[in-house]
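Report on the following structure.
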Protein chains: 2
Amino acid sequence: MVGVSDNIRGFVLAISSSVFIGSSFIIKKKGLKRAGAAGTRASEGGYAYLKEPWWWAGMITMILGEGLNFAAYAYAPAILVTPLGALSIIFSAILAHFILEERLHMFGVVGCILCLFGSVTIVLHAPLERDIESVKQVWHLATEPVFIVYTLVVLVVVVVLVVFYVPRYGQSHMVVYIGICSLMGSLTVMGVKAVAIALKLSFSGSNQFIYFETWFFTILVIAFCFMQMIYLNKALDIFNTAVVSPVYYVMFTTLTIVASMIMFQEWHSQTTTQIVSEFCGFVTILCGTFLLHKTKDMGGSPTMATPLYHRSRDSSPREVEP
Amino acid sequence: MVGVSDNIRGFVLAISSSVFIGSSFIIKKKGLKRAGAAGTRASEGGYAYLKEPWWWAGMITMILGEGLNFAAYAYAPAILVTPLGALSIIFSAILAHFILEERLHMFGVVGCILCLFGSVTIVLHAPLERDIESVKQVWHLATEPVFIVYTLVVLVVVVVLVVFYVPRYGQSHMVVYIGICSLMGSLTVMGVKAVAIALKLSFSGSNQFIYFETWFFTILVIAFCFMQMIYLNKALDIFNTAVVSPVYYVMFTTLTIVASMIMFQEWHSQTTTQIVSEFCGFVTILCGTFLLHKTKDMGGSPTMATPLYHRSRDSSPREVEP
């Protein structure tokens, strides 16, 4: 049992994590805008943002926020930490409104709220994860046929998205870039677990970096993190922060739960009520994402507003940048 | 344990109940439109619909549907019957589209879906109801101080709505009429339980109609049913069927669960996960209702479209009747 003071510590950690993660999107976007004004934009393949202190400040804020979130789970139960963590969606929408002066359509606000509550429903009914104790164990779980199939499906979908969909729909449909990030992210989280255990064991004297599995996971995590960073920057450069952050949050959360369920094969421990609740949460998220997508303001250059959005009565394309 | 064939029987009963209840709204609306064309409209205090066979056909369809729904719960578990019962929302929206040619805004469709999945989430996590075995038991539960407080609050709110809000907002805000129906409905359901038991016991030889409690509940049910019928007709006369039926379903379901929880005082048996899930379902429903309200097409005479809806970019007032 955790004490009340532990709950309060977890509460404070979770809230701070939401503030950090929520504001990291805003700071990064500021960096991307400044970098775009000076050189080639991230969405057009530029990497000028790497010279932008604002962008780096955003990166560091995000890493700090993720760390605080991780720490919060150590103190307070998931039922308290998860909803508070999902508040980052609301924080980034509020900050985007005041700092970046992005205007969200009223139905976009409803979309944000739906994403928040849909994710909470899903996470609450997701199966508990088993604890992992060694790198070998992760390797064993990751090489089970069903997880290999999941990995292959993810990689094929990512390649198809990058090769066929990015050139055609990348600038108009945010699900393309955010989908790439979230799919890679679901595999990265599994790799991060292995690396975290490897580091813990190595620091306590039993060096894990003599095994090739440890190096495999380390390289995988680094490579996948880079890819996610590049595509998240592209998405953030084109679309409104208040739209990107909830969609990224829900896709990432959902796919991580799916990957985790497949890896630990824990779907048979699920009751019907849990499965139906998860499905309800998922539909809620889909509706929220749909509202956000349909009402999203288009940032970036005017050419990026495709005819689809001009036709739609409910989208209100507005230019964020001059 | 129930067998597979019982599940199938429950499934068929629940689906038929949804079809009956879903279509009852359409048939009633057809009756109301014909009655409105001939005499004073229901929304303006007319009762011409009582002479309209279509309206009576709608009433009978609804009673049959409720009966089938009740029977479905006897065969299959609630987890199967509840989502199928909530499908009536979708059936009435589809029928309204094709038969009454009501056009629902794309976001109104999202609102319907949200109402459906939000109610399923709430009902799944609602506490199980205790079985009731005698009229005296209902009377005992209904006269507990906390339920008396609930009853008084409901009655005061209904009176305030009828006296102050109906004249001013009744024609523009559907929550006024539907709120009255749902609040009365939550008390009616408790009364129906007492009457059902009284009838069952009386038929099996032990006459319950010698107790004044039985008569009290019988008169209450009849009076409250009449009031609900009158206000539901007013709502249905003014607003689109595809908008009234989901909002009525969710308000009625939510308030009945609240009344039942208060009567049986079963909130302390609830786990935190259940309470948080119910809250998520409730917010989902609120968002769905908000979308439906904001995008609802205004039927009836043009004067009913208040400036609020003309100002809103997202409502699309269209005339249903010529």
Side-chain angles (χ1 to χ4, degrees), chain A residues 2 7 76-84 86 90 103 105-128 270-295 311-316, chain B residues 7 76-84 86 90 103 105-128 270-295 308 311-316:
Chain A
V2 286
N7 270 344
I79 196 156
L80 183 71
V81 177
T82 307
L84 294 173
I90 305 294
R103 292 289 169 264
H105 189 277
M106 184 176 62
F107 290 162
V109 176
V110 175
C112 272
I113 296 170
L114 289 171
C115 286
L116 175 68
F117 284 91
S119 341
V120 172
T121 308
I122 287 193
V123 176
L124 282 186
H125 297 281
L128 289 175
Q270 294 251 288
T271 65
T272 321
T273 310
Q274 280 181 311
I275 293 165
V276 176
S277 302
E278 280 163 28
F279 185 70
C280 290
F282 185 68
V283 173
T284 307
I285 283 177
L286 274 188
C287 291
T289 313
F290 177 78
L291 288 178
L292 278 168
H293 180 79
K294 283 288 176 196
T295 62
R311 254 189 283 125
S312 162
R313 191 176 43 173
D314 307 298
S315 74
S316 40
Chain B
N7 270 343
I79 195 155
L80 183 71
V81 177
T82 307
L84 294 173
I90 305 294
R103 291 291 170 262
H105 189 277
M106 183 177 60
F107 290 162
V109 176
V110 175
C112 273
I113 295 171
L114 288 171
C115 286
L116 175 67
F117 285 91
S119 342
V120 172
T121 308
I122 288 192
V123 176
L124 282 186
H125 297 279
L128 289 174
Q270 293 252 290
T271 65
T272 322
T273 310
Q274 280 181 311
I275 294 166
V276 176
S277 302
E278 279 164 26
F279 185 71
C280 288
F282 184 67
V283 173
T284 306
I285 283 176
L286 274 188
C287 289
T289 313
F290 177 78
L291 287 178
L292 278 167
H293 180 80
K294 283 289 175 195
T295 62
L308 181 69
R311 254 191 282 124
S312 162
R313 192 176 42 172
D314 307 294
S315 72
S316 40

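By convention in this document, chain letters (A, B, ...) are assigned in the order of the sequence lines, proteins followed by strands, and residues within each chain are numbered from 1.
Taking the six-membered ring where the residue is Trp, His125(A) and His125(B) present tilted rings, their angle falling between 30° and 60°.
Distance check: Leu124(B) CG to Gln274(A) CD gives 11.5 Å after rounding to the nearest 0.5 Å. A distance of 7.0 Å separates CZ in Phe107(A) from NE2 in His105(B), rounded to the nearest 0.5 Å.
The 12-atom threshold is exceeded at CZ of Phe290(A), counting heavy atoms of other residues, nucleotides or ligands nearer than 6.0 Å.
Using a 4.5 Å heavy-atom cut-off against chain B, the contacting residues of residues 111-121 of chain A are Ile113(A), Leu114(A), Phe117(A), Val120(A), Thr121(A).
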